[in-house]
Number of protein chains: 2
Amino acid sequence: MSSNKVIVIGGNAGGMSAASQLRRLSPDAEIAVYEKGPVISYSACGIPYYVGGMILDRERLIARTPESFAEKNIQVRTMHEVTAIDMEAKTVAVKNLTDGRTFTDRWDKLLIATGASRVKPPIPGIDADGIFMLSTVESGVAMRKWIETHNPRKALIVGGGYIGLEMADSLSCMMGIDLTILEVAPQLMATLDADMAEFVQKNLESRGVSVRLGEGIEEFVVRDGRVVGAVTKNGRYDADVVLMALGIVPNTKIASDVGIRTGIKGAIVVDETMKTSARDVWAAGDCVQSTNLITGKPMHLALGAVANKQGRAAAFSMSGQREDFPGVLGTAVCRVCGQEIARTGLLEREMIAEGTPYAAVTVRGRTVADYMDYVGYMHVKMIAETPSERIVGAQILGDVGSAKRIDTMAAVITAKMTLEEMLYLDFSYAPPISPLWDPIQQAARSLISKIRG
Amino acid sequence: MSSNKVIVIGGNAGGMSAASQLRRLSPDAEIAVYEKGPVISYSACGIPYYVGGMILDRERLIARTPESFAEKNIQVRTMHEVTAIDMEAKTVAVKNLTDGRTFTDRWDKLLIATGASRVKPPIPGIDADGIFMLSTVESGVAMRKWIETHNPRKALIVGGGYIGLEMADSLSCMMGIDLTILEVAPQLMATLDADMAEFVQKNLESRGVSVRLGEGIEEFVVRDGRVVGAVTKNGRYDADVVLMALGIVPNTKIASDVGIRTGIKGAIVVDETMKTSARDVWAAGDCVQSTNLITGKPMHLALGAVANKQGRAAAFSMSGQREDFPGVLGTAVCRVCGQEIARTGLLEREMIAEGTPYAAVTVRGRTVADYMDYVGYMHVKMIAETPSERIVGAQILGDVGSAKRIDTMAAVITAKMTLEEMLYLDFSYAPPISPLWDPIQQAARSLISKIRG
């Protein structure tokens with residue numbers, strides 16, 4: 001019997017990055033991963049591009065197989081759901097979803113990486129054929145097959161966040177299906193300020209997508225078990241296919257059942273080494289609560305890059321070493337119908353809510369020198385605390401080549417730089433690659449002028 | 001007579017950004033700019049793209065005219081050369097290059113922004129027709145006209161730095177002229193490490209450009225006043241058109257003539273407010289010496305974005321306010337025959353020369369998720385001091401969309417981050433815009449593994 005047995009619950013970004021890293025750090029550890037779904041290590045973020053046909057082959061979404069982990073002496077069991085944790089006995093109860101058998105397995109150290117699930121509201125008719133959630137690779141495969149088979153003319157997307165808008169790109173801009181997006185909030189993209197979200201909406205509308213704000217679904221219209229429409233307070237929308245793209249909630253029932261501390265949205269509370277409140281139990285990925293690097297306050301994020309880093313930090317801690325996961329800025333990007341969308345840090349709306357004095361500016365800049373024939377444009381919104389002039393947030397919307405500047409902003413904000421410090425950073429310039437003043441420095445310059453008058 | 005008269009010598013990036021900023025900061029100042037050339041505010045960096053025909057119209061290279069400055073009450077005189085400074089009388093001697101008249105003009109504050117000139121070596125035959133230097137807009141216009149008129153079949157570029165390689169792009173990759181690059185050093189691009197410069201060379205060679213290293217020109221072969229070839233130690237090259245693209249030297253004779261302190265390559269020594277050693281005299285742009293932010297040592301750079309920022313800082317100081325220009329990392333990018341090239345901070349070669357312990361790694365990464373059909377590749381070299389693991393330099397070579405990551409590295413290096421701090425920065429990820437681990441974080445991760453074993 002090994003004295004260093006690690007069980008990982010969940011075989012995606014958080015769990016598998018932890019397992020891989022732990023294998024390198026603790027060559028003698030016995031590592032077992034239980035995943036309730038049929039595949040591991042899949043790119044949830046790639047599903048919209050598979051449905052849209054940009055990715056032809058389902059296998060391209062799956063980074064690695066259980067066999068490739070077996071070669072590294074990591075035992076991975078798919079279709080195995082962990083149904084309970086026993087903290088006293090240091091075991092988990094496991095159900096084999098293929099044959100229904102149950103068994104227990106013991107651990108010395110446990111990592112909970114159970115991810116998050118998309119909210120499925122109890123709307124009448126929601127289980128009808130033609131309504132999809134895209135929470136797994138298989139649901140993506142099913143939706144694409146449905147579209148190929150039924151050739152829908154009208155689609156409805158419920159929810160105007162990342163997955164909703166990425167699927168708008170696939171359904172409308174790539175496949176040409178007549179599309180309406182319903183968002184119950186007064187703006188698309190809750191992670192942007194309203195003024196920036198308006199640019200996103202205008203771009204979608206200019207491409208023929210109908211956007212209805214402040215409108216939720218009351219019931220689906222179902223005929224012969226198949227969705228044919230939806231009813232809102234304002235009337236009825238026809239639809240041959242529907243994507244439900246509402247918020248997500250962390251999968252933490254097995255943790256809270258044994259008293260592991262949870263916080264925002266029920267996400268598992270961890271320290272900077274990814275340790276939970278329970279001895280010998282760590283957690284990583286979409287099921288944990290993160291700390292906002294600027295406010296120090298807890299928040300819940302479900303992003304693949306974050307999950308990967310948390311998995312790495314957890315593995316260091318589980319191996320007795322240490323690399324801290326310091327927290328998040330909520331940096332995110334997406335591309336919707338030719339427009340790149342990026343954000344990091346705090347919104348103007350959040351500064352108002354916090355009651356922190358601030359100033360904000362939005363500038364229009366170019367992707368490259370104005371005389372290059374492929375010049376594109378972008379809007380950069382920048383937010384700084386006053387009077388310190390410390391930068392706290394940025395949002396970028398623009399043509400191809402705009403969005404990656406958000407990583408520079410993430411570095412600048414993490415380093416707690418002021419506008420003036422950012423203005424004098426030695427950024428690159430060459431006509432085919434960048435304008436003389438990069439738009440993010442142009443925004444800093446403009447915000448300094450606005451603050452100092 | 002104004003008691004606040006400012007004279008600016010030189011009407012390009014450093015001088016005009018200072019004049020514009022000073023106009024905003026000191027509404028009552030009298031501002032006069034003398035420029036010896038026929039145009040101001042032109043994009044020296046754009047000239048290769050004009051010669052290559054990507055920019056059709058010469059006027060596109062000129063950001064602003066003297067008339068646009070006159071509207072802001074900035075008096076600009078082109079074709080006026082300042083030939084001497086009188087520190088006692090606080091005047092400059094000016095020569096009108098159009099009519100040959102000379103006169104003096106008085107100043108209370110003086111800004112020297114005389115730029116830099118391309119080295120013209122005393123090679124026999126160098127003044128022959130068909131040999132170009134591209135040091136001004138007019139020389140770019142002349143070279144393009146020459147190419148259109150004479151339709152050259154064989155071109156020679158002497159010097160494998162930025163301007164040389166950008167012109168290689170224009171002459172070979174865009175215009176299809178048979179091209180040889182001669183570089184006297186053992187590698188192209190002295191601002192890259194030799195291993196990275198080799199990738200640049202391979203890309204050029206794969207596109208049919210002949211690269212000859214360690215080879216300088218001994219004399220030009222001239223027939224009827226026109227260049228027809230060049231002789232090196234290894235033999236003779238035929239050439240219908242030649243670009244001389246050797247190093248540059250700061251234009252500082254009028255400054256050193258009156259005892260203003262100069263340093264590296266004769267560049268004017270300035271403090272962080274861009275003040276020279278002489279009372280009431282500032283300097284900015286390609287004529288000044290900069291401080292390396294990592295080593296604290298002086299260096300000379302001639303880059304448009306740096307000149308612009310120095311002009312801004314000088315204007316603040318001249319107006320009695322203060323914004324410091326903190327120094328440089330030598331961040332630079334260019335695009336050569338489809339390849340983006342970017343660098344910032346110190347080279348491995350420089351760490352060896354400094355005798356500072358360091359580690360370096362080069363990784364291959366992707367521009368976007370591997371399953372996107374437009375995925376590109378890049379090499380990222382990262383260098384960190386040991387044992388501190390503080391990042392000191394990065395070099396990136398890759399497909400379209402690679403290079404701008406160098407700005408993130410510039411922010412990271414300026415903030416004195418360690419590899420681990422960089423690894424956990426909250427960078428963005430979405431399949432159409434970025435891989436899950438951005439290549440620069442992948443490099444940081446790999447370098448940590450290498451250092452820690």
Side-chain angles (χ1 to χ4, degrees), chain A residues 13 43 45-46 49 54-55 60-61 166 293 303-306 308-309 313 323-335 340 342 344 369-373 401 403-408 410-412 414-415 417 420-434 436-438, chain B residues 13 43 45-46 49 54-55 60-61 166 293 303-306 308-309 313 323-335 340 342 344 369-373 401 403-408 410-412 414-415 417 420-434 436-438:
Chain A
S43 171
C45 305
Y49 308 97
M54 184 178 286
I55 303 169
R60 297 301 304 271
L61 288 178
E166 286 170 347
L293 279 171
L303 294 168
V306 169
N308 242 278
K309 287 169 194 159
E323 264 190 19
D324 285 358
F325 180 80
V328 296
L329 294 171
T331 312
V333 292
C334 65
R335 194 186 64 188
E340 294 189 353
T344 191
D370 61 350
Y371 47 73
M372 302 307 286
D373 55 8
K404 260 299 188 179
R405 285 167 174 84
I406 209 71
D407 290 356
T408 309
V412 160
T414 302
M417 286 188 198
E420 196 177 312
E421 284 167 339
M422 170 163 172
L423 182 63
Y424 285 98
L425 285 175
D426 192 1
F427 285 169
S428 59
Y429 160 59
I433 292 175
S434 180
L436 179 60
W437 281 91
D438 191 275
Chain B
S43 171
C45 305
Y49 308 96
M54 184 179 286
I55 302 169
R60 297 301 304 272
L61 289 177
E166 286 170 347
L293 279 172
L303 293 167
V306 169
N308 242 278
K309 287 168 192 157
E323 264 190 19
D324 284 358
F325 181 80
V328 296
L329 294 171
T331 312
V333 292
C334 65
R335 193 185 65 188
E340 294 189 353
T344 191
D370 61 349
Y371 47 72
M372 302 308 286
D373 55 8
K404 260 298 187 179
R405 285 166 174 84
I406 210 69
D407 290 355
T408 309
V412 160
T414 303
M417 287 189 197
E420 195 177 314
E421 285 168 338
M422 172 167 169
L423 183 63
Y424 285 97
L425 284 176
D426 191 1
F427 284 169
S428 59
Y429 160 58
I433 292 175
S434 180
L436 181 57
W437 282 92
D438 192 274

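If you're wondering where the values come from, they're calculated on a predicted model, not measured in any experiment. Reminder, nothing fancy here: chain letters follow the sequence lines and each chain counts from 1.
- With a 4.5 Å cut-off on non-hydrogen atoms, B:I406 touches chain A through its side chain but not through its backbone.
- The greatest number of non-hydrogen atom pairs below 4.5 Å with chain B, out of A:S43, A:A403, A:A369, is found for A:S43.
- Interface summary for chain B: among A:A332, A:P326, A:G401, the most heavy-atom pairs under 4.5 angstrom belong to A:P326.
- Among B:M54, B:E420, B:E166, the residue with the largest count of heavy-atom pairs under 4.5 Å with chain A is B:E420.
- Neither the backbone nor the side chain of B:A342 has a heavy atom closer than 4.5 Å to any heavy atom of chain A.
- Using a 4.5 Å cut-off between heavy atoms, B:A305 touches chain A through backbone and side chain atoms alike.
- Ranking A:S434, A:P431, A:A415 against chain B, the residue ahead of the rest is A:P431, based on heavy-atom pairs under 4.5 Å.
- Both the backbone and the side chain of A:L423 have a heavy atom closer than 4.5 Å to some heavy atom of chain B.
- To the nearest 0.5 angstrom, B:T414 atom OG1 is 8.0 Å from A:F427 atom CZ.
- With hydrogens and angles ignored, the 3.5 Å screen pairs no side-chain donor or acceptor of B:K309 with any backbone N or O of A:W437.
- Remark: side-chain polar atoms of B:R405 are not paired, donor with acceptor, to backbone N or O of A:K404 under 3.5 angstrom.
- Using a 4.5 Å cut-off between heavy atoms, B:V306 contacts chain A through its side chain alone, with no backbone atom that close.
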